Amino acid sequence: MADVHQNAAPIRFETSPERYRHWKLDFPSEYERKVARLTLDVQDNGGLRQGYSLKLNSYDLSVDIELADALSRIRFEHPEVRAIVFVSGKDRIFSAGANIYMLGLSSHTFKVNFCKFTNETRLYLEQMSAESGIASLAALNGTASGGGYELAIACDEIVLSDDGSSAVSLPEVPLLGVLPGTGGLTRLVDKRKVRRDYADVFSSLAEGVRGKRAVEWGVVDESPSRAQFQQAVELRLKAMVGRSTAQTRPSIKLTPIDGDYHEAGTRYRYVTLSVDAARRVASLTIRTPDNREPTTPAELAAKGAEAWLVRAFRELDDALLDLRFNYANVAAIEVRAEGQGENVLQAEGILIDHASDPLVREVTHLIRRVLKRYDNTARSLFALVDDKSAFAGLLFELALGADRTYMLDASGVSLRVSPMSAGLFPMATNLSRIQAHFYGDPSRAATSLAETSSIDTARARELGLVTFTPDELDWEDEVRMAFEERASLSPDALTGMEANLRFVGPETMETKIFGRLSAWQNWIFQRPNATGQKGALTLYGKPERPEFDFTRT
Amino acid sequence: MSNVINSERIPNNVGLSDDKRLQRALEEWQPNYLKWWNEMGPEGFQHDDIFLRTAISVDSDGWANFGHVKMPDYRWGIFLADAVKERTIGFGDNMGQPVWQQVPGEHRNALRRLIVTQGDTEPASVEQQRLLGQSCPSVYDLRNLFQVNVEEGRHLWAMVYLLHSYFGRDGREEAEALLERRSGDVDKPRILGAFNEPCTDWLSFFMFTFFTDRDGKFQLLALAESAFDPLSRTTRFMLTEEAHHMFVGETGILRVCDRTAQVMKESGKDHPDDLRKLGVIDFGTMQRYLNLWYSLSLDLFGSEVSSNAASFFANGLKGRAKEEQYEDHRALEGVYTIDRFAEGRWSRDDIPLRNAMNEVLRDAYVDDCQRGVDKWNRTIASHGIPVELKLPSRKFHRHVGANANLPIDVGGNVITDAAFVEKHDAWLPSAADKAFVQNLMTAPVYDPKQMANWIGAPKQGIKGRPVDFEYVRREG
């Protein structure tokens, strides 16, 4: 298949509002700047790659990168915001969803990572509401189809103009032979609790539903006439602002992280990504703070995005995206933490000591989100704890989140568990990583959490915190072989295996989206009925009709 | 370095003095090895001085040092054949690339399994043979038995060296497990079937060293081709020692044939009962023992159609014996035709050559066995006795592969289960045969001047010593 991303320039994820091409972020005065308005006005020819036109507010990754940036900035740079409204800058169309021609020109790998990123951003939007009291409203002054509706359904409320033509729809099944890949099906029934027979009809109806029926079925909250649309939106936004639990806090400017990108990785201030293309192994090193970090909210506000807790995790976030999109062949990652473990414990103290401070909470949420991105990264993650390591407290979460941990059995090697592992950073399952690690024996999680001093290798083995503990004579060979072996296995099987094992425990909407929905979607993406020569996705927009193999599995 | 784990006590050419990892591993393993040897090694001879060959280096002077030594003091060494300069992989998908001095992670598990399977056979045979000293036909033979035993022990060391040096903690655990399994033990049997069969009489011992050790020879030849160079080098050196084991088997049976034929000629008798009364082993009994050990040994090569064999070959882990004799070292093109019996009839199936590598190796083995059998028959014929020993069909009495557990006669024809049961005692050792053989060998011969009645004397002794040399000095 043609792949517009092959040999193209690497994809970068840092942007800022003055560079947006597809979104406008403003703060209308009628809401006293308490509402952030995100206007979607996609530039047809402003996509990430050549070869497709982003008509009808359809989007590609570049559109979503801006959205993710905007949401982060609202949280940190605009603490006065209490609600978000999504509107369209185009007439009679809100959004046609992900651009089909872009998908057709993309490799399977890219499609999967694109969907994952957009899903993460939709969840981020929901987390803003749940965690920070910043609710969102989709003001659909035109049709929202496919990914367009999936953006709307990620908002808390949806208002659809009843103008006789504007509709909401999930046309993927009837038109494209694939699934709505950004959580649409899951949210219909799990979040909006649309009756599943109506959801069935809705999801197989290409033109979707409008007006009264859309409200009856619960796929939107309200469908006022054109004349009353604006007023309805305003009423809802004012109510959202009124009931927001968001608290006043200082603004933090998200300054550029300025990664030093080069062919074999990236060097940031606290994070280094280093790719060994021949071995298909990358090392991801996160360094501890060098100096004393803020201990009070005031100090944190003063240090802003330069605070280690913010900067290191923004860098890690960028590095993970860089890995996913720009180093597709990397099989496995050596996860390392270096520096002074004491400094991590000092820096993380504020997250507990001032847990209820609104700015501190925002930082906690940022870290939570990055750690989830880490959990969701489809590469083998092996944490390496050796004599240079500083897997302490917050950084030990990276080892707990890894698929395996190798700890050198030698004097001077240690790790440290802190209250950071006690539930502050839940996984998608709502379990902490240490709960997931000890899923069969919760008492062991408690025992480990009760260890207040540094844990040497023998003790870590005894506690069950690490997987293997080779000594100095074995270490190098053992680690080398582990990575060589991993890199030789089927990448598809590994992705599936890791995703199944990492997310032990209960299902949530989030795990369903990344597990059930994505797995089915990725299966369908590979099937001839979607992407074969006569597949529905392949032939979309062409004069021929798709030909299906009608065998049901 | 420790008192035990040093290059004086453990002759080697693998740099033991500088290899801390190997020292550490051996420090734990060596005492358990000695414990195993004392428990499971030759019963009743551990304090005697045995005239043994000890390898102290790999050169022509060093690998065969002879002298009297007590077996527990035997210096089990670790040797690699000389490195071949710029050796490249000789077969499979990686052909032409440099051989590996380290285990590639990708092949770690497969290589470990190959090495463990090979390694497991070495102590197993010592266990199987541990009581044989108490029924030996001569001191010369007793010494040969112990030579085979200590060298099987050394071959265990060779495999353990690889596990210790290249497979980390897993390797050390596997090395321990090699000492924990026991031949014939219900709970912890040895890995391969033939190595759990009792070998409690000398006819079985000679058959074993001829047929079963010959499987070992071919496995070692195939592993000597391996892309994992340390495995190749260690197995190449093992082959020099293995040759003696097959010599013991081949000449042992030959001497039995010689003696029986001689007695038949002298007495003019040919009925088994008469021959048994004369204290020799009739050829029918020999043929049945041959049928048993040959078929058990054929099983050791594995299934005729094997995806493991194909992947071992593709990845360069295990080649064919003397790979250089073949023209096509990738073996991607050819097919191998095998006979399969299904739904009441035989069919001939073409299978991809790589999947047939077990069968290719078995072919070479069968040819090699036939050469030995021909020698026996020439000896029988030299006495004017019109009897020939024959290798049965390779389909006969199989427990592994396409013909496993099918009622197949020695000619390779499928018969009924009932017919097989009826003919069992004609083809395989009966209880009466076993009782006869056991009875024949009740009294051991510990006088160097004597030779048991049922076996001929060897043509010559060991290392220039006379046949009646005191190869084993019994204590007190």
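Chain letters run A, B, ... following the sequence lines, proteins first, then strands; residues in each count from 1. Predicted, not measured: the structure shown is a model, and the values here were computed from it.
Salt-bridge annotation for B:R21 and A:D474: present, with a side-chain N of the basic residue lying under 4.0 Å from a carboxylate O of the acidic one. Under 4.0 Å is where a charged nitrogen must lie from a carboxylate oxygen, and between A:E478 and B:R108 at least one such pair does.
In terms of heavy-atom proximity, A:S488 sits nearest to B:E106 at CB-CG, 3.1 Å. Shown here for B:R169 and A:T469, the closest heavy-atom pair between the two residues is NH1-OG1, 4.3 Å.
Put simply, the side chain of B:V103 does not reach to within 4.5 Å of the side chain of A:E484, judged on heavy atoms. With a 4.5 Å cut-off on side-chain heavy atoms, B:K20 and A:E472 do not count as touching.
For B:Q102, the CD atom is densely surrounded, since the number of other residues' heavy atoms within 6.0 Å is greater than 12. Counting non-hydrogen atoms of other residues, nucleotides and ligands closer than 6.0 Å to CD of A:E476 gives a total of 12 or fewer. Within 6.0 Å of CD in B:Q101 there are more than 12 heavy atoms belonging to other residues, nucleotides or ligands.
Looking at residues two or more places apart in sequence or on another chain, you find a ring pair (Phe, Tyr, Trp, His ring centres under 6.0 Å) between B:F237 and B:F79.
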Mind listing the side-chain donor-acceptor pairs of residues 88-100 of chain B below 3.5 Å, one per line with the distance, residues two or more places apart or on another chain?
residue, atom, partner, partner atom, Å
B:D93, OD1, B:R354, NH1, 3.1
B:D93, OD1, B:R354, NH2, 2.7

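Residue pairs meeting the salt bridge (Lys or Arg N to Asp or Glu O under 4.0 Å) criterion with at least one partner in residues 308-317 of chain B, sequence neighbours excluded, are absent.
Of residues 436-450 of chain A, not one residue has a non-hydrogen atom less than 4.5 Å from any non-hydrogen atom of chain B.
Separation of atoms CZ (B:F167) and CE (A:M481) is listed at 7.0 Å; rounding is to 0.5 Å. Note that CG of A:D477 and OG of B:S165 are 9.5 Å apart. Values are rounded to the nearest 0.5 Å.
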